[in-house]
Amino acid sequence: MHAIARRLPMRYRLPFVTVLLASLGSAGPLFAQTRTAPAPFAAINAPIATELSGTRALSTVAFVEQYFRLPGNRGFDLAIDTVAALLRAAGYVPEASASPMDRLVYRVESRPMSAPAWTPEQAELTIAGRRAPLQQWATNHN
(Lines give C-alpha, C1' and ligand atoms only; values in the text may rest on other atoms or scores of the structure.)
Protein backbone atom coordinates (compact mmCIF):
# COMPACT_ATOMS: atom_id res chain seq x y z
CA MET A 1 0.00 0.00 0.00
CA HIS A 2 1.14 3.50 -0.74
CA ALA A 3 2.38 5.46 2.28
CA ILE A 4 -0.79 7.55 2.37
CA ALA A 5 -2.21 5.92 5.47
CA ARG A 6 0.79 7.08 7.47
CA ARG A 7 1.12 10.64 6.31
CA LEU A 8 -2.36 11.53 5.00
CA PRO A 9 -1.25 14.60 3.02
CA MET A 10 -3.66 16.92 1.31
CA ARG A 11 -2.00 17.80 -1.96
CA TYR A 12 -3.13 20.32 -4.47
CA ARG A 13 -2.21 20.93 -8.09
CA LEU A 14 -3.16 18.85 -11.01
CA PRO A 15 -4.70 21.40 -13.32
CA PHE A 16 -4.00 22.27 -16.93
CA VAL A 17 -0.42 23.42 -16.34
CA THR A 18 0.52 20.04 -14.90
CA VAL A 19 -0.94 18.14 -17.82
CA LEU A 20 0.74 20.58 -20.18
CA LEU A 21 4.11 20.09 -18.50
CA ALA A 22 3.60 16.33 -18.34
CA SER A 23 3.26 16.31 -22.10
CA LEU A 24 6.80 17.64 -22.62
CA GLY A 25 9.52 15.52 -24.08
CA SER A 26 7.77 13.27 -26.58
CA ALA A 27 7.65 13.46 -30.35
CA GLY A 28 4.86 15.26 -32.17
CA PRO A 29 2.99 18.47 -31.47
CA LEU A 30 -0.05 18.55 -29.21
CA PHE A 31 -2.02 20.30 -31.92
CA ALA A 32 -1.21 21.46 -35.40
CA GLN A 33 -0.29 25.10 -35.75
CA THR A 34 -2.87 26.52 -38.12
CA ARG A 35 -2.23 30.19 -37.50
CA THR A 36 0.61 32.44 -36.47
CA ALA A 37 0.97 33.37 -32.82
CA PRO A 38 0.43 37.02 -31.86
CA ALA A 39 3.67 39.01 -32.10
CA PRO A 40 4.44 39.08 -28.33
CA PHE A 41 4.26 35.27 -28.20
CA ALA A 42 5.86 34.33 -31.52
CA ALA A 43 9.34 33.96 -30.02
CA ILE A 44 8.20 31.39 -27.47
CA ASN A 45 5.43 29.68 -29.44
CA ALA A 46 7.56 27.70 -31.90
CA PRO A 47 9.92 26.05 -29.36
CA ILE A 48 6.99 25.13 -27.12
CA ALA A 49 4.95 23.70 -30.00
CA THR A 50 7.82 21.38 -30.96
CA GLU A 51 8.07 20.02 -27.39
CA LEU A 52 4.39 19.32 -26.69
CA SER A 53 3.05 15.86 -27.32
CA GLY A 54 -0.59 14.92 -27.51
CA THR A 55 0.37 11.28 -27.14
CA ARG A 56 2.30 11.93 -23.94
CA ALA A 57 -0.46 14.17 -22.52
CA LEU A 58 -3.14 11.57 -23.29
CA SER A 59 -0.99 8.85 -21.75
CA THR A 60 -0.61 10.86 -18.55
CA VAL A 61 -4.34 11.57 -18.38
CA ALA A 62 -5.17 7.90 -19.10
CA PHE A 63 -2.98 6.86 -16.17
CA VAL A 64 -4.50 9.40 -13.80
CA GLU A 65 -8.13 8.79 -14.79
CA GLN A 66 -8.00 5.11 -13.85
CA TYR A 67 -8.05 6.14 -10.17
CA PHE A 68 -10.72 7.72 -8.02
CA ARG A 69 -9.10 10.90 -6.69
CA LEU A 70 -9.90 12.88 -3.59
CA PRO A 71 -7.23 14.89 -1.75
CA GLY A 72 -5.11 12.50 0.29
CA ASN A 73 -6.38 9.21 -1.12
CA ARG A 74 -4.33 6.60 -2.99
CA GLY A 75 -5.34 7.73 -6.51
CA PHE A 76 -4.74 11.40 -5.76
CA ASP A 77 -1.27 10.71 -4.34
CA LEU A 78 -0.37 8.42 -7.27
CA ALA A 79 -1.40 11.14 -9.71
CA ILE A 80 0.66 13.79 -7.89
CA ASP A 81 3.67 11.46 -7.59
CA THR A 82 3.44 10.55 -11.30
CA VAL A 83 3.32 14.15 -12.45
CA ALA A 84 6.14 15.11 -10.08
CA ALA A 85 8.25 12.29 -11.56
CA LEU A 86 7.51 13.56 -15.08
CA LEU A 87 8.54 17.06 -14.05
CA ARG A 88 11.81 15.77 -12.54
CA ALA A 89 12.49 13.78 -15.72
CA ALA A 90 11.94 16.97 -17.74
CA GLY A 91 14.56 18.78 -15.65
CA TYR A 92 12.42 20.46 -13.00
CA VAL A 93 13.81 20.67 -9.46
CA PRO A 94 11.72 20.43 -6.27
CA GLU A 95 11.46 23.89 -4.74
CA ALA A 96 12.83 22.64 -1.40
CA SER A 97 16.14 21.63 -2.99
CA ALA A 98 16.34 24.29 -5.73
CA SER A 99 19.14 26.81 -5.87
CA PRO A 100 18.64 30.43 -6.93
CA MET A 101 20.11 29.45 -10.30
CA ASP A 102 17.47 26.75 -11.02
CA ARG A 103 14.96 28.03 -13.55
CA LEU A 104 12.65 25.01 -13.67
CA VAL A 105 11.17 24.59 -10.20
CA TYR A 106 8.03 22.87 -8.95
CA ARG A 107 6.31 22.51 -5.60
CA VAL A 108 3.80 20.03 -4.25
CA GLU A 109 1.82 21.52 -1.41
CA SER A 110 0.66 19.36 1.49
CA ARG A 111 -1.64 20.15 4.36
CA PRO A 112 -2.77 18.04 7.33
CA MET A 113 -6.04 16.20 6.79
CA SER A 114 -8.85 16.58 9.33
CA ALA A 115 -10.06 13.05 8.54
CA PRO A 116 -8.63 10.04 6.71
CA ALA A 117 -9.07 9.99 2.94
CA TRP A 118 -10.98 7.12 1.40
CA THR A 119 -11.08 5.21 -1.86
CA PRO A 120 -14.14 3.23 -2.92
CA GLU A 121 -13.40 -0.43 -3.60
CA GLN A 122 -16.79 -1.58 -4.91
CA ALA A 123 -20.23 -0.06 -5.49
CA GLU A 124 -23.27 -0.44 -7.69
CA LEU A 125 -26.48 1.41 -8.37
CA THR A 126 -29.59 -0.65 -9.00
CA ILE A 127 -33.09 0.68 -9.64
CA ALA A 128 -35.71 -0.97 -7.45
CA GLY A 129 -37.47 -3.72 -9.36
CA ARG A 130 -34.64 -4.23 -11.88
CA ARG A 131 -32.32 -7.22 -11.84
CA ALA A 132 -29.22 -5.72 -13.43
CA PRO A 133 -27.36 -2.78 -11.89
CA LEU A 134 -27.64 0.49 -13.75
CA GLN A 135 -24.05 1.34 -12.90
CA GLN A 136 -21.12 -0.54 -11.33
CA TRP A 137 -17.86 0.76 -9.89
CA ALA A 138 -15.85 -1.80 -11.87
CA THR A 139 -16.95 -0.25 -15.17
CA ASN A 140 -17.69 3.37 -14.26
CA HIS A 141 -15.96 5.41 -11.54
CA ASN A 142 -18.40 8.32 -11.72
Side-chain angles (χ1 to χ4, degrees), residues 1-99 102-142:
M1 179 178 192
H2 204 254
I4 300 156
R6 282 179 255 131
R7 66 175 192 252
L8 293 175
M10 184 182 310
R11 296 180 179 178
Y12 295 101
R13 300 216 175 186
L14 201 51
F16 170 77
V17 173
T18 304
V19 173
L20 179 71
L21 293 173
S23 69
L24 293 174
S26 195
L30 180 59
F31 42 80
Q33 286 184 299
T34 56
R35 57 188 171 143
T36 306
F41 302 104
I44 61 169
N45 188 52
I48 290 172
T50 61
E51 293 295 325
L52 293 178
S53 164
T55 302
R56 180 80 179 261
L58 289 173
S59 172
T60 302
V61 171
F63 173 79
V64 169
E65 79 172 349
Q66 68 185 329
Y67 298 101
F68 180 79
R69 298 171 315 279
L70 288 175
N73 79 355
R74 180 179 62 230
F76 195 90
D77 279 357
L78 284 171
I80 294 291
D81 293 344
T82 297
V83 171
L86 289 168
L87 290 171
R88 283 190 304 274
Y92 284 73
V93 177
E95 183 181 59
S97 60
S99 74
D102 289 317
R103 293 181 51 194
L104 304 174
V105 176
Y106 74 94
R107 175 178 71 221
V108 175
E109 296 184 8
S110 295
R111 292 182 176 61
M113 301 280 292
S114 60
W118 64 281
T119 299
E121 296 296 328
Q122 201 282 333
E124 63 183 40
L125 176 64
T126 304
I127 296 177
R130 303 261 175 127
R131 297 182 95 187
L134 178 65
Q135 189 173 16
Q136 294 180 309
W137 181 253
T139 57
N140 188 331
H141 289 184
N142 293 311

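Residue indices begin at 1 and follow the sequence shown.
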Practice item. Specify the closest pair of heavy atoms between Pro71 and Met113, including all atoms of both residues, with the distance to one decimal. Key: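 Looks like O-CE, 3.2 Å.
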
Among residues at least two apart in sequence or on other chains, which ones pass side chain to side chain contact (heavy atoms under 4.5 Å, CB included) with [X]?
X: Glu121; result: Arg74, Thr119
X: Glu65; result: none
X: Ala98; result: Val93, Asp102, Val105

Check your understanding: Distance from Leu86 atom CG to Thr60 atom OG1, nearest 0.5 Å?
Key -> 5.0 Å

**Study point:** CD1 on Ile80 to OG on Ser110, rounded to 0.5 Å
**Key:**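 Those atoms lie 8.5 Å apart.
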
Exercise for review: For Glu95, check salt bridge (charged side-chain N to carboxylate O under 4.0 Å, His left out) against everything at least two apart and list the hits.
Suggested key: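 Scan of Glu95 (salt bridge (charged side-chain N to carboxylate O under 4.0 Å, His left out), adjacent residues dropped) gives Arg107.
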
Practice item. With sequence neighbours excluded, give me every salt bridge (charged side-chain N to carboxylate O under 4.0 Å, His left out) pair touching residues 126-142. Key: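 Counting only pairs at least two positions apart or across chains, no salt bridge (charged side-chain N to carboxylate O under 4.0 Å, His left out) contact touches residues 126-142.
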
Point to revise | ring-ring contact (aromatic ring centres under 6.0 Å, His included) against Trp137, all qualifying residues, sequence neighbours excluded | key: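 Here the qualifying residues are Phe68, His141.
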
Practice item. Take Asn73 and Leu70, measure what side-chain contact (heavy atoms from CB on, under 4.5 Å) needs, and give me the verdict at the end. Key: CA-CA 6 Å; Asn73 79 355; Leu70 288 175; 4.0 Å; yes

Check your understanding: Does any N or O in the side chain of Thr82 come within less than 3.5 Å of the main-chain N or O of Leu78, such that one atom is a donor and the other an acceptor?
Key -> yes

